[in-house]
There are 2 protein chains.
Amino acid sequence: MPSERPRAVTINDVAALAGVSIATASKALNGRGQVRAETRDRVFAAARELSFQPNPLARSLVTGQTRTVGLLTSDSVGRFGIPVMLGAEDAFGSGETAVLLCDARGDAFREQHYLRTLLARRVDGLIVVGESTDPRPSISRDLSIPVVYAYAPSDDPEDVSFVPDDVAGSGDAVRHLIALGRRRIAHVTGPTHYTAARERAEGALGALKAAGLPLSGDRVVYGAWSQRWGRHAAEIVLNADPDVDAVFCGSDQIAAGLIEAARERGRRVPDDIAVVGYDNWEVLSEETRPPLTTMDMNLELLGRTAAQHLFAAIEGRATSGVHRMPCRLVIRDSAAPPTPR
Amino acid sequence: MPSERPRAVTINDVAALAGVSIATASKALNGRGQVRAETRDRVFAAARELSFQPNPLARSLVTGQTRTVGLLTSDSVGRFGIPVMLGAEDAFGSGETAVLLCDARGDAFREQHYLRTLLARRVDGLIVVGESTDPRPSISRDLSIPVVYAYAPSDDPEDVSFVPDDVAGSGDAVRHLIALGRRRIAHVTGPTHYTAARERAEGALGALKAAGLPLSGDRVVYGAWSQRWGRHAAEIVLNADPDVDAVFCGSDQIAAGLIEAARERGRRVPDDIAVVGYDNWEVLSEETRPPLTTMDMNLELLGRTAAQHLFAAIEGRATSGVHRMPCRLVIRDSAAPPTPR
DNA sequence: TACGTTTCCGAAAACCTTTTATTTTGCTTC
DNA sequence: GAAGCAAAATAAAAGGTTTTCGGAAACGTA
């Protein structure tokens, strides 16, 4: 047994020291009810002197609010959930709300277990962060606390979800290439069964169409999210259209592989081929040669925003629907306007 | 306001339904005290029928145990804290203990704030996970709850810390190269002011010395943790000793850069130069050409172990000192025994 | 003085569980 | 059938806070 704790100071002690009843002390400390300024000051002084910290358990027991939210990540070994999670944590942590972390590791059964645990602990709300932008099953059904979904939207449109706006982001990426004067733009991306891959293709094609430009190679080159695939895709793209002058990649991994392979085949980046990636995964995007122009999904901001909305919902101001958060192009050398010398 | 919650079912309801007093119901459910088997069954049946879940707040209020631990990460934007944190979460989450996540983001002031918050919430223990293996200030001083440190050890030897055994790991890495028949082994690593860099160099040099081999180039090549530095270091190493036949790198980023540059200078990996990395950061180690043999620090296991020890400490079985956890060599093609054809 | 208004304060209930101390029950023994 | 005893059940306290509601004090007015 750890040594006997030195019995924490309670509101009783504060009240006694201030010479008032505990009711008055409570009201003074919480700024509720009628209490004379002079009395309030006395109470505060006493609380400070004893360095009183109200016992949140007792408080929660009576108010029913725990000032705690559950953060349910479906699979955080992956890469995208982490920043979202940290953004959310940041938003809550700077306030009074604490975050209970639960990583279900992609296991629906474990998710159920955690959900029960969190409900038993009387959390005030729940934030569910996913690992891909594919919609995920809703858990909000007959839950009496608010839930928001981040990164992976809920499949129930009644719920509130925050996802990156991949369609707009990809449009921006392609428009950037067009603005740089590129006219033969290809698109290499991940597996077609990912919502992210499909939406990014949609945005890219939309921007090309709006500019009256064809897609180099005529078809979106779907494959995998890996660097290996990027290297392979470089050949496909170059064979399909030897005069291709830009490639928009669905991920930084793909872009890194593609740049490497293009370089080995003697194409200069960005002079011969401009390349834009997606994700701004800095270990890659800052280390390619040249460094990668890429789309940043602002995942921390996304998490933070989701957390703020959950907070609003807890206070009764609920929203609903899927909110698409803007992405931001990070311009590095692989696709940049000419720098004046 | 969210719709009125449908007043949760309490142990009173269970007791009433089972036709016993709440004291008996409590004892029956917790398996404490003397209660007839038949009565216990009745209580359990009632609890099940009402799907009773005890209110942990009320329970904690009386027992003083919250079944909650704080997870204080000093800077989780970095890469190494995350797996440790997830490992810890996993260890707790599978039990009854919940994890309060606090990310201090490398800010000592914020850390203090979180520490106060966690103590106010009466957590049963604290796990502090760092971002590098450099020792960090202890926070255990006159804290009445147990604390364990993971990845970054505490600077107070009285505390209990879990860190990767980089000295032994590096020794293994170099011995692996020696076993492959390499005799001119160089070591490229990060900045000298990192404990990790110094310890890995120490382990590497020790293994060389024990085998009676010199260090290729005569000196450890300290620099940065980046891929860029790896590329640059390749030149240094090759110039210092053109016949170098193996390089042990202090990180996968360095190794990736080094492999790339060596390849461009016409050296074949692993035939001419075998390369071993450190970290097993899979986005790099699986994507280099050839895939990278590298040292995995088992960070999740480390986090899990730390969590288990915290648990033990909470139950009164405390340990102390710095525990060095073994690393594990992941053999891929960049330094592998010849495969039989 | 009697009375109505404010303004401030405090007693006590409520939140839900565990635990201690006490009472009741059921059984054995003489 | 009473006494004694162990086993089983319960009443009540404790844990720390918020909140309701009634009461006291202070003050002004008739």
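Note on naming: letters A, B, ... go to the chains in the order of the sequence lines (proteins, then strands), and numbering restarts at 1 for each one. All values derive from a computational prediction rather than experimental measurement.
- To the nearest angstrom, P of D:dT19 lies 9 Å from CZ of A:R59.
- In the set C:dC16, C:dT18, C:dC9, the nucleotide with an atom closest to the side chain of B:T63 is C:dT18.
- Both B:A37 and B:L61 lie near DNA chain D, and the one whose nearest nucleotide falls closer to the 5' end is B:A37.
- Side-chain atoms of B:D134 come within 3.5 Å of backbone N or O of B:T195 as a donor-acceptor pair.
- Panel note: side chain A:S26, backbone A:I22; no donor-acceptor pair is recorded below 3.5 Å.
- When the C1' atom of C:dC16 is taken as reference, atom CZ of A:R122 falls 9 Å away, rounded to whole Å.
- Side chain of A:R42 to backbone of A:A18: a donor-acceptor contact under 3.5 angstrom is found.
- Closest to the A:N55 side chain, of the nucleotides C:dG10, D:dG16, C:dT17, is D:dG16.
- Summarising the geometry, the separation between CZ on A:R32 and P on D:dT19 is reported as 5 Å, rounded to the nearest angstrom.
- Between the side chains of B:S138 and B:D156, no donor N or O sits under 3.5 Å from an acceptor N or O.
- Nearest nucleotide to the side chain of A:A23, out of C:dG10, C:dC16, C:dC15: C:dG10.
- Within residues 40-48 of chain B, no residue places a heavy atom under 4.0 Å from DNA chain D.
- Spacing between atom CD of B:Q34 and atom P of C:dA21 amounts to 16 Å, rounded to whole angstrom units.
- Put simply, the side chain of B:T68 reaches to within 4.5 Å of the side chain of A:R121, judged on heavy atoms.
- Here the side chain of A:T97 pairs no donor or acceptor atom with the backbone of A:R67 at under 3.5 angstrom.
- At distances below 3.5 Å, not a single donor-acceptor pair connects side-chain atoms of A:D41 with backbone N or O atoms of A:E38.
- Rounded to a whole Å, the CG atom of A:D13 is 9 Å from the P atom of D:dG16.
- OP1 and OP2 of D:dA8 both lie 4.0 Å or more from every side-chain N or O belonging to B:R36.
- The listed nucleotides are C:dT17, C:dC9, D:dT18; the one nearest the side chain of A:V35 is C:dC9.
- Below the 3.5 angstrom threshold, one finds no donor paired with an acceptor across the side chain of A:K27 and the base of D:dT17.
- The distance from atom CD of B:Q65 to atom P of C:dT18 is 13 Å, rounded to the nearest whole Å.
- Results of the side-chain contact (heavy atoms from CB on, under 4.5 Å) test with B:V147 over B:L126, B:V69, B:L72 single out B:L126 as the only residue that passes.
- Both A:E38 and A:I22 lie near DNA chain C, and the one whose nearest nucleotide falls closer to the 5' end is A:E38.
- Remark: A:S26 is in phosphate contact with D:dT18, judged by side-chain N or O atoms under 4.0 Å from OP1 or OP2.
- Within 4.0 Å (heavy atoms only), A:S60 reaches no atom of the nucleic acid at all.
- Counting only distance, with no hydrogens or angles, the side chain of A:E131 and the backbone of A:F80 share a donor-acceptor pair below 3.5 Å.
- The side chain of A:V62 has D:dT17 as its nearest neighbour among C:dC9, D:dT17, D:dA8.
- Bending across the helix from C:dT1-D:dA30 to C:dC30-D:dG1, expressed as the angle between its end axes from five pairs apiece, amounts to 70° (10° rounding).
- One N or O on the side chain of B:R122 and one on the backbone of B:A120 form a donor-acceptor pair closer than 3.5 Å.
- Distances shorter than 4.0 Å separate some side-chain N or O of A:T24 from OP1 or OP2 on C:dG10.
- One atom, CG of A:N12, and another, P of D:dA14, lie 12 Å apart when rounded to the nearest Å.
- Rounded to an integer number of Å, the gap from CG of A:L57 to C1' of C:dT17 is 12 Å.
- No side-chain donor-acceptor contact under 3.5 Å links B:R317 to the backbone of B:A312.
- You'll find that the side chain of A:S21 is closest to C:dA11, out of D:dT18, C:dT17, C:dA11.
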